[in-house]
Asker: 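Got a structure for you, written out below as structure tokens; questions coming shortly.
Note that the structure is a prediction, hence the values are computed from the model and not measured. Scope of the values below: all heavy atoms of this structure, side chains included, with no hydrogens, waters or symmetry mates.
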Amino acid sequence: MAPLGDAVAPAAAAAPGLVVSFGEMLIDFVPDVAGVSLAESGGFVKAPGGAPANVACAVSKLGGSSAFVGKFGDDEFGHMLVEILKQNGVNAEGCLFDQHARTALAFVTLKANGEREFMFYRNPSADMLLTEAELNLDLIRRARIFHYGSISLITEPCRSAHVAAMRAAKSAGILCSYDPNVRLPLWPSAQAARDGIMSIWKEADFIKVSDDEVAFLTQGDANDEKNVLSLWFEGLKLLIVTDGEKGCRYFTKDFKGSVPGYSVNTVDTTGAGDAFVGSLLVNVSKDDSIFYNEAKLREVLQFSNACGAICTTKKGAIPALPTTATALELISMGSN
């Protein structure tokens, strides 16, 4: 596909609808040196993390309208994280504090190739203790898109809150966006993760999964289209498989294809998928005809691929999130 050059970002003319992200936000402790184990690391840099929160910040940074719903420890880290959301233009009306539980922490090992391994401290953390009664349903019902992952499905009471929020969104005609974001160490077993992730699969209007997640969920080769299509269901509007720097594949009821990615100097892949999703959500919130218009969808996915690539060139997720200008600059260089 021809580069966009200095064209405007996809769907730039329309006013974006509200994107509400639901789930966890935590502190990632990232080693100050890549390619060493946690035990070998001499020091760690603290970075805000949590996929749904990264997506909320990505939406806002790209000129969209975003809000976050989740629970934090009433501790220094929790207040710091909510402040970071506000600094990034995210509506924090749906944020709550728990006086009896801590904000979650994760220690992230950066391998030499920028890929990560996680060690979590949540037993239980405040995000797991959000209850259905605490949900800000008015905020959720104002959304154009309700976005969520699967970590909030692991334990009660958060699981019931997640399901209630999702059902409220669906009954209000709000688009449901799902990025399962598999984090196996948090689940009791691999099969429990598969079962939990698939338990709400058919509630979504559109789903983004990585190639690794396709392999995990189907227990088959992610490059085999039969395995990918086993995740399709009647009523799904869009299924996207991200393939790292190779780009992404897309599937709708009427068309399918792939959009190449961008080759960049990868430092840290943290947040790349969230930058991709945030970019997609901004564009869907402005114009959901992309589900039915392949040319528009390809343009949006080209932009999302650029956003994901840019996010890998710096450490941390939120600090590395792209702006529309930096994404368009990468696209104009045409390095995909």
Asker: Are L184 and M128 connected into the same hydrophobic cluster when the rule is that any two of I, L, V, M, F, W, Y join if their side-chain heavy atoms are below 4.5 Å apart?
Answerer: no

Asker: So which heavy atom on A56 is nearest to which on A67, and how close?
Answerer: CB-O, 4.2 Å

Asker: Say you draw a straight line from CD of Q302 to SG of C307; how long is it, rounded to the nearest 0.5 Å?
Answerer: 11.0 Å

Asker: Taking side chain as C-beta onward, heavy atoms only, is L153 less than 4.5 Å from Y148?
Answerer: no

Asker: Among residues at least two apart in sequence or on other chains, which ones pass side chain to side chain contact (heavy atoms under 4.5 Å, CB included) with A165?
Answerer: F22, L135, I140, F146

Asker: Using a 6.0 Å cut-off, check whether atom CD of Q99 has over 12 heavy atoms from anything other than its own residue.
Answerer: no

Asker: Testing the basics here: between K170 and C176, what is the closest heavy-atom pair and its distance to 0.1 Å?
Answerer: CG-SG, 3.5 Å

Asker: My understanding is that a hydrophobic cluster links ILVMFWY residues whose side chain heavy atoms are under 4.5 Å apart, including indirect links. Using that, what else belongs to the cluster containing L105?
Answerer: M25, I27, F29, L38, F44, F68, F72, F77, M80, L81, V82, I84, L85, V90, F97, F107, M119, Y121, I318, L321

Asker: Is there a side-chain contact between I207 and I240, using heavy atoms and a 4.5 Å cut-off?
Answerer: no

Asker: Do D74 and H79 get their side chains close enough for a donor-acceptor pair, meaning under 3.5 Å?
Answerer: yes

Asker: Ignoring hydrogens and angles, state whether a donor on the side chain of S332 or E329 is under 3.5 Å from an acceptor on the partner side chain.
Answerer: no

Asker: When you compare the side chain of L239 with that of Y250, does any pair of heavy atoms fall below 4.5 Å?
Answerer: no

Asker: Could I get the full list of salt bridge (Lys or Arg N to Asp or Glu O under 4.0 Å) partners for R249, not counting sequence neighbours?
Answerer: D243

Asker: Would V182 end up clustered with I154 when hydrophobic side chains under 4.5 Å apart are linked, directly or stepwise?
Answerer: yes

Asker: List for me each residue that meets salt bridge (Lys or Arg N to Asp or Glu O under 4.0 Å) alongside R167, sequence neighbours excluded, and say none if there are none.
Answerer: E203

Asker: Answer whether the closest heavy-atom distance between the side chains of T266 and T313 falls below 4.5 Å.
Answerer: no

Asker: Is there a side-chain contact between L238 and F251, using heavy atoms and a 4.5 Å cut-off?
Answerer: no

Asker: So which pairs with a foot in residues 227-241 pass salt bridge (charged side-chain N to carboxylate O under 4.0 Å, His left out), sequence neighbours left out?
Answerer: D205-K237

Asker: Restricting to salt bridge (Lys or Arg N to Asp or Glu O under 4.0 Å), what partner residues turn up for R183, sequence neighbours left out?
Answerer: none

Asker: With a 3.5 Å distance limit and no angle check, can you tell me whether R142 reaches the backbone of L18 through a side-chain donor-acceptor pair?
Answerer: no

Asker: Indicate the atoms forming the closest heavy-atom contact of A190 with F216, along with that distance.
Answerer: O-CZ, 3.4 Å

Asker: Can you name the nearest heavy-atom pair linking V282 to S285, along with the distance?
Answerer: O-OG, 2.7 Å

Asker: Going by the rule salt bridge (Lys or Arg N to Asp or Glu O under 4.0 Å), which residues pair with K314 if we only count those two or more places apart in sequence or in a different chain?
Answerer: none

Asker: Would you call the rings of Y178 and W201 parallel, tilted or perpendicular if under 30° counts as parallel and over 60° as perpendicular?
Answerer: perpendicular

Asker: Can you list every side chain to side chain donor-acceptor pair (under 3.5 Å) pair that touches residues 36-59, not counting sequence neighbours?
Answerer: S37-E40, N54-D274

Asker: Roughly how far, to the nearest 0.5 Å, is the CD atom of E245 from the OG1 atom of T269?
Answerer: 11.5 Å

Asker: Does any part of the side chain of L297, heavy atoms only, come nearer than 4.5 Å to the side chain of F291, both counted from C-beta?
Answerer: no

Asker: Any link between I197 and L231 through a network of hydrophobic side chains (Ile, Leu, Val, Met, Phe, Trp, Tyr) touching at under 4.5 Å?
Answerer: yes

Asker: Are the side chains of V59 and S65 in touch, meaning some heavy atoms are under 4.5 Å apart?
Answerer: no

Asker: Between S171 (side chain only) and A168 (backbone N and O only), is there a donor and an acceptor less than 3.5 Å apart?
Answerer: yes

Asker: If we ignore hydrogens and angles and just use 3.5 Å, is the side chain of R298 paired with the main-chain N or O of S258 as donor and acceptor?
Answerer: yes

Asker: Rounded to the nearest 0.5 Å, how far does CE of M198 lie from OG of S150?
Answerer: 11.5 Å

Asker: Could you tell me which residues satisfy side chain to side chain contact (heavy atoms under 4.5 Å, CB included) with A104, sequence neighbours excluded, listed by chain and number?
Answerer: L26, R122, S125, D127

Asker: Output all residues satisfying side chain to side chain contact (heavy atoms under 4.5 Å, CB included) with N136, sequence neighbours left out; order by chain, then residue number.
Answerer: E93, D138, L139

Asker: Going by the salt bridge (charged side-chain N to carboxylate O under 4.0 Å, His left out) test, which pairs reach into residues 209-224, not counting sequence neighbours?
Answerer: D224-K226

Asker: When hydrophobic residues are tied together by side-chain contacts of less than 4.5 Å, even through go-betweens, does L229 share a cluster with L236?
Answerer: yes

Asker: Measure across P260 and N305 and return the closest heavy-atom pair with its distance rounded to 0.1 Å.
Answerer: O-ND2, 3.0 Å

Asker: Return the NE2 to CG distance between H147 and L281, rounded to the nearest 0.5 Å.
Answerer: 6.0 Å

Asker: What is the distance from atom OG of S210 to atom CG of L217, rounded to the nearest 0.5 Å?
Answerer: 8.5 Å

Asker: Are the side chains of L280 and F303 in touch, meaning some heavy atoms are under 4.5 Å apart?
Answerer: no

Asker: For residues D75 and T103, is any side-chain donor paired with an opposing acceptor at under 3.5 Å?
Answerer: yes

Asker: Where do S289 and D287 land on the side-chain hydrogen bond (donor to acceptor under 3.5 Å, both in side chains) test, with the steps shown first?
Answerer: CA-CA 5 Å; S289 73; D287 180 9; 2.7 Å; yes

Asker: S304 and S279: which non-hydrogen atoms are nearest, and at how many Å?
Answerer: OG-OG, 3.0 Å

Asker: Compute whether any side-chain donor of one residue and acceptor of the other, for T270 and D268, lie under 3.5 angstrom apart.
Answerer: yes

Asker: Roughly how far, to the nearest 0.5 Å, is the CG atom of N181 from the NZ atom of K208?
Answerer: 6.0 Å

Asker: Report the residues that fulfil side chain to side chain contact (heavy atoms under 4.5 Å, CB included) with S230, sequence neighbours left out, ordered by chain and then residue number.
Answerer: T218

